[in-house]
Chemist: 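Take this structure, written in structure tokens, and hold onto it; I'll ask about it next.
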2 protein chains.
Amino acid sequence: MAAAEASRYGARERMVFSAAQLIRRDGVAATGMREVAVHAHAPRGSLQHYFPGGKEQLVNEAVGWAGRYAGKRVDRFLAALSEPTPSGLFGEMVRQWTDEYTAVGFAGGCPVAAATVDCAETSAPTREAASAAFADWSGSVARALTGMGVPQERAGALATLMISALEGAILVARAERDVRALTTVARELGPLLDAAVR
Amino acid sequence: MAAAEASRYGARERMVFSAAQLIRRDGVAATGMREVAVHAHAPRGSLQHYFPGGKEQLVNEAVGWAGRYAGKRVDRFLAALSEPTPSGLFGEMVRQWTDEYTAVGFAGGCPVAAATVDCAETSAPTREAASAAFADWSGSVARALTGMGVPQERAGALATLMISALEGAILVARAERDVRALTTVARELGPLLDAAVR
DNA sequence: CGTTGTTTATGACGGCGGTCATAGTAGTTC
DNA sequence: GAACTACTATGACCGCCGTCATAAACAACG
């Protein structure tokens, strides 16, 4: 997880991964390309080669990666739940963040959120990448919910609610350097979510 | 609201106001000081004079202003409701955003969110300003809820939930260029909120 | 060995942005 | 009117950053 060794993944993958990490922490604008290369232990010359589309391409791929990662993560949470309930899933999603924050501090937020804030008005492709990332993520959540017996029409809406509440709570938690907001939304939203299983 | 005329407010106020607007749209890092001065129709030389603390000071004041603004706005929403209910208040808070987005487009997000994303790890004072802004806002919401009969212990938690869900929905809505996420959280959260009045 | 295609190295360019230095203007007070 | 304060005007500095140009290593393969 840390400092991605130079062997297991190719330089290209490592750079996308590092970009996501740095964006998550400092935002898109404050993240430099040279910095990404250094962080990924990748040669600077590879930037041009793998990302001829420049920074925008790198950012877009990082956002896309983050979206797919979030989706897979939801799938794994679901698989790990002994008796799957909406509140249980949401609890795990939230716990991922409280765990990180208590373990290593409040340095990072969600890269998709960062890209949206920094690029939504500047770069249409990046905004679309963010939109797609949310769609991936929300798709996984909605599928999980329907699998638990939540009616199809409702599942999408609840997925949006869960992701919105989580994203907002991440923001507040980072600002306050306190996981309070995260645990609060998990606790308050739990019953509502479980009430949707028929 | 637009292009702040040069008379009603002083140059200093206008710059803080403009900073908030630009940060809201492009993020903190992408907002230049010279740009703020131009947008505020303020002399460039006044930047040093009014904000000797540099960009950080300007950003912090913009964030503080945004927090107080959000708080006052909640108070006004509350006052305007004929029969105050939590869902009614939340509906108004959400509607402020759907109205803006449908009227003038998805150019802007929440300046406090932008400051958090861009500066939380870089600048402790700015992070604290963001935290204070959330506290102002959330304080107003919590007071409004208690006034509607929500038990004190619960009001704070629900205020956090409301603000988190709203912030997250703003993000998603901006990425998707669609108010869907906003209307969804308002609809889904309404009953839960009203159920808290004893 | 030669050739071809992939990857890396490096330096330069041009632009922008925050900050500083310095000086100028305007308004007020003694 | 002189002194003093509040404000404005500019230009310069310096650093960072994304990008480009160019060339070198290196691998695979005929």
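Just so you know, these numbers use all the heavy atoms, side chains as well, and skip hydrogens, waters and symmetry mates. Computed from a predicted model, the values in this text were never measured in an experiment. In what follows, chains carry the letters A, B, and so on, assigned in the order in which the sequence lines appear, proteins first and then strands, with residues in each chain numbered from 1.
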Chemist: Could you tell me the separation between the NE2 atom of A:His41 and the P atom of C:dT8, rounded to a whole number of Å?
Modeler: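 Going from NE2 in A:His41 over to P in C:dT8 covers 15 Å.
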Chemist: Decide yes or no for B:Asp118 and B:Val59: does some side-chain heavy atom of the first lie under 4.5 Å from some side-chain heavy atom of the second?
Modeler: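 SC-SC contact between B:Asp118 and B:Val59 ruled out.
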Chemist: Within the 3.5 Å criterion, strictly below it, is a donor on A:Gln57 or A:Glu61 matched to an acceptor on the partner's side chain?
Modeler: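 There is such a pair between these side chains.
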Chemist: Quiz question: going by heavy-atom distance under 3.5 Å, is there a donor-acceptor pair between the base of C:dT19 and the side chain of B:Arg34?
Modeler: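 Yes.
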Chemist: C:dT8, OP1 or OP2 - any side-chain N/O from A:Ser46 closer than 4.0 Å?
Modeler: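 Yes, A:Ser46 has a side-chain N/O under 4.0 Å of OP1/OP2 on C:dT8.
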Chemist: If I take atom CZ in residue A:Phe51 and atom P in nucleotide D:dT19, what distance separates them, rounded to the nearest angstrom?
Modeler: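 From A:Phe51 CZ to D:dT19 P: 12 Å.
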Chemist: Which whole-number value in Å describes the distance from B:Asp118 CG to C:dG18 P?
Modeler: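 So the CG-P distance, B:Asp118 to C:dG18, works out to 13 Å.
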Chemist: Scan residues 24-32 of chain A against DNA chain C and write down, sorted by residue number, each residue with any heavy atom closer than 4.0 Å; if none is found, say none.
Modeler: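 When residues 24-32 of chain A is checked for heavy atoms under 4.0 Å from DNA chain C, there are no hits whatsoever.
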Chemist: Salt bridge (charged side-chain N to carboxylate O under 4.0 Å, His left out) for A:Glu188 and B:Arg154? Distances and angles first, verdict last.
Modeler: CA-CA 9 Å; A:Glu188 293 294 330; B:Arg154 197 80 192 292; 2.8 Å; yes
Chemist: Of the options C:dA9, C:dT19, D:dA9, whose atoms approach the side-chain atoms of A:Gln48 most closely?
Modeler: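 The answer is C:dA9.
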Chemist: Looking only at side-chain atoms of B:Met33, point me to the closest of C:dG18, D:dC7, C:dT7.
Modeler: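 Side chain of B:Met33 sits closest to C:dG18.
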Chemist: Please confirm whether the backbone N or O of A:Gly190 pairs with a side-chain atom of A:Ser87, one donor and one acceptor, at under 3.5 Å?
Modeler: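 No, A:Ser87 side chain to A:Gly190 backbone: no donor-acceptor pair under 3.5 Å.
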Chemist: Roughly how far apart are B:Leu182 CG and B:Arg174 CZ, rounded to 0.5 Å?
Modeler: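 Spacing of CG (B:Leu182) from CZ (B:Arg174) equals 12.0 Å.
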Chemist: Quick one: A:Glu35 CD to D:dC17 P, roughly how many Å, whole number?
Modeler: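 For the pair A:Glu35 CD and D:dC17 P, the rounded distance is 7 Å.
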Chemist: Rounding to a whole Å, what distance do you find between B:Lys55:NZ and C:dG17:C1'?
Modeler: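 It works out to 8 Å between those atoms.
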Chemist: Can you check the A:Arg44 CZ to D:dC17 C1' distance for me, whole Å?
Modeler: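 In whole Å, D:dC17 C1' lies 10 Å from A:Arg44 CZ.
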Chemist: D:dG18 P sits how many Å from A:Leu58 CG, rounded?
Modeler: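 It works out to 10 Å between those atoms.
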Chemist: Return yes if some donor-acceptor pair links the side-chain N/O of A:Tyr9 with the main-chain N/O of A:Met15 below 3.5 Å, else return no.
Modeler: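 No: the side chain of A:Tyr9 does not pair with the backbone of A:Met15.
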Chemist: Are B:Pro84 and B:Leu89 packed together at the side-chain level, in the sense that at least one heavy-atom pair is separated by less than 4.5 angstrom?
Modeler: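 Of all side-chain heavy-atom pairs linking B:Leu89 with B:Pro84, none is under 4.5 Å.
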Chemist: Please determine whether a side-chain nitrogen or oxygen atom of A:His49 lies at a distance below 4.0 Å from atom OP1 or OP2 of C:dT7.
Modeler: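 Checking A:His49 against C:dT7: at least one side-chain N or O falls below 4.0 Å of OP1 or OP2.
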